[in-house]
Amino acid sequence: MREMAKAADLLEWYDRHARDLPWRVRPAARANGVVADPYRVWLSEIMLQQTTVAAVKSYFQTFTARWPTVQDLAAARDEDVMAAWAGLGYYARARNLLKCARVVADEHGGLFPADHATLLTLPGVGAYTAAAVSAIAFDLPEVVVDGNVERVMARLFDEHTPLPAAKPILTQHAASLTPDTRPGDYAQAVMDLGATICTPKRPACGLCPWRRNCAAWAAGTAPELPKKSPKKKKPVRLGIAYLARRVDGAMLLERRPDKGLLGGMLGWPGSEWDDAPAEAPPIRAEWKTVAGEARHTFTHFHLRLTVRTALVPMDRQPTRGEFLTRDEFSPADLPTVMRKAFDLAQGA
DNA sequence: CAGGCGTGGAG
DNA sequence: TCTCCAAGCCT
């Protein structure tokens, strides 16, 4: 009979293999009493939601350099934070990030709460993030379950029930392994294991400290776990974007409404995105159509964007949006799909 | 509870 | 080119 996996074995592995990440206090430093800054832990966890470590790194550096404390972030202008988040995706995270920073600054004296229940009340903080902050920043023995942990547990216990139905049982398994000593390091250790060894494809089982305890390794089923319910196919939608340049170089842009796709972000005025978009020019002009199209894939549909451009005089007033001067606007402030439209118009 | 919500990298 | 997917949250 296989022996039950032990947290201590994983912690031993983590002590030797922990990745050096900008938001992480390494195990050796933790042993010397260094504690994590809850602000940095929270910020990193929000950025890491459904987002790779590689994509997050530079954004984390930018944010912490510009807004070193939660009070600094709470005092920031909305448009500056949205611009700094541009390109990272899931923009509701940025809107909730600001809301949360202001709640912590105004209602919690600038200190992040440590307990799971209070963390859960914060905007953008769900079950995973609350547990992660509680464990990593305050070393409390919360059960941290993200996609990595789900995969590790599904394999360790050879659980074939597909996600998301399997979530409760996988959480129970995770709870059974969570230790009272070094829970913060343990949480990061399981996620590191999932990210580097117990990977979705071609897991490196030969290097796994829990191999001898792994039911899926014994059964040879590790690579096919966890099972997932089948996903839907993405429809194609069409759209038209209007890039108006004023003679002084200012560009006509529009702040998108807070709710919905790309909420709160800058974008080009345009048509609806559907099967047969109607023309919707935001200003009277001689529009020229750029050859080709900007293609972009969102979570649930593919977009093919036709780009029209125009040069307009200083005194012409738009019916939508507003002109932003060269000083007020950089293409880097745009979400990627809008930047693609800009690049296409530039001939890039 | 299923669907909305981004993006870039890997295979 | 296409599919999968990465430290989820909200409604």
Side-chain angles (χ1 to χ4, degrees), chain A residues 19 21-24 40-60 82 85-97 99-100 119-137 142-152 162-165 167-168 171 174 184 186-196 198-202 223-224 226 228-237 256-265 267 273 294-304 334-340:
Chain A
R19 288 179 294 170
L21 302 173
W23 46 85
R24 171 172 291 176
R40 293 167 64 90
V41 173
W42 162 76
L43 177 62
S44 69
E45 289 302 339
I46 301 297
M47 288 183 166
L48 285 163
Q49 289 169 6
Q50 298 291 285
T51 309
T52 58
V53 165
V56 164
K57 277 184 178 170
S58 66
Y59 285 85
F60 181 82
M82 298 312 287
W85 197 276
L88 199 54
Y90 285 135
Y91 298 99
R93 292 184 296 171
R95 303 194 301 273
N96 287 330
L97 188 81
K99 280 188 202 167
C100 182
L119 284 163
L120 262 184
T121 68
L122 299 173
V125 176
Y128 162 75
T129 304
V133 170
S134 205
I136 298 171
E142 293 293 336
V143 181
V144 177
V145 183
D146 72 330
N148 288 305
V149 179
E150 288 176 353
R151 184 170 58 256
V152 170
L163 285 167
K167 174 98 177 178
T171 299
Y186 171 79
Q188 296 175 88
V190 188
M191 293 191 283
D192 265 25
L193 185 74
T196 63
C198 195
T199 49
K201 298 166 191 171
R202 300 172 51 86
E224 67 192 61
K228 296 193 177 182
S229 344
K231 16 186 148 291
K232 291 184 175 174
K233 201 167 168 252
K234 293 176 178 168
V236 176
R237 295 189 197 169
R256 299 173 64 88
D258 272 351
K259 302 227 176 213
L261 192 65
L262 309 178
M265 297 299 290
W273 295 346
R295 290 193 177 202
H296 191 75
T297 299
F298 292 100
T299 311
H300 53 295
F301 66 93
H302 302 285
L303 178 67
R304 297 182 185 183
L334 296 174
T336 299
V337 62
M338 300 295 174
R339 191 176 43 71
K340 283 183 180 177

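Letters go in sequence order (proteins before strands), and every chain restarts at 1. These numbers come from the heavy atoms of this one structure, side chains and all, not from hydrogens, waters or symmetry mates. Since the structure is predicted, the reported quantities are computational estimates derived from the model, not experimental observations.
- B:dG8 and C:dC9: their P atoms are spaced 22 Å apart (whole Å).
- For the pair A:Phe301 CZ and B:dG3 C1', the computed distance is 13 Å after rounding to whole Å.
- The OH atom of A:Tyr128 sits 14 Å away from the P atom of C:dA6 (whole-angstrom rounding).
- Across A:Leu119, A:Leu122, A:Ile46, a single residue satisfies side-chain contact (heavy atoms from CB on, under 4.5 Å) together with A:Thr129, and that is A:Ile46.
- Protein atom CG of A:Leu163 is 14 Å distant from nucleotide atom C1' of C:dA6, rounded to whole Å.
- Across all strands, A:Pro164 comes closer than 4.0 Å to no nucleic acid atom at all (heavy-atom distances).
- Rounded to a whole Å, the NE2 atom of A:His300 is 13 Å from the C1' atom of B:dA2.
- In this structure, the side chains of A:Leu97 and A:Trp42 come closer than 4.5 Å at one or more pairs of heavy atoms.
- Comparing A:Arg151 and A:Gly124, the nucleotide of DNA chain C nearest to each residue sits closer to the 5' end for A:Arg151.
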Base-contact (B) and sugar-phosphate-only (S) positions in nucleotides 6-11 of chain B, heavy-atom cut-off under 4.0 Å, - elsewhere: BBS---
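- Between A:Lys231 and C:dC5 there is a side-chain N or O to OP1 or OP2 distance below 4.0 Å.
- Looking at which nucleotide of DNA chain C each of A:Val53 and A:Pro123 is closest to, the 5′-most match is held by A:Val53.
- Distance check: A:Ile136 CD1 to A:Arg40 CZ gives 13.0 Å after rounding to the nearest 0.5 Å.
- Residue contacts shown for A:Val125 are limited to sugar-phosphate atoms, with no base heavy atom under 4.0 Å away.
- Here the nucleotide nearest the side chain of A:Asn96, chosen from C:dC10, B:dG3, C:dA6, is C:dC10.
- Each of A:His296, A:Lys234, A:Arg237 was evaluated against A:His302; a single residue qualifies, A:Lys234, per the side-chain contact (heavy atoms from CB on, under 4.5 Å) test.
- Note: CG (A:Asp258) to C1' (B:dG4) measures 16 Å, nearest angstrom.
- For the atom pair CD (A:Gln50) and CZ (A:Arg93), the distance works out to 8.5 Å, reported to the nearest 0.5 Å.
- Rounded to whole Å, atom C1' of C:dG8 lies 10 Å from atom CD of A:Glu150.
- When atom types are taken as modelled, the side chain of A:Tyr90 and the backbone of A:Met47 share no donor-acceptor pair closer than 3.5 angstrom.
- Residue A:Leu21 is classed as a base contact, given a heavy-atom separation below 4.0 Å to a base.
- Contact annotation for A:Trp85: no contact, since no heavy-atom pair falls under 4.0 Å across all strands.
- Pairing each heavy atom of A:Tyr128 with each of A:Met191, the nearest pair is OH-SD, 3.4 Å.
- Among the protein residues, A:Arg24 comes within range of the nucleic acid bases, having at least one heavy atom under 4.0 Å from a base atom.
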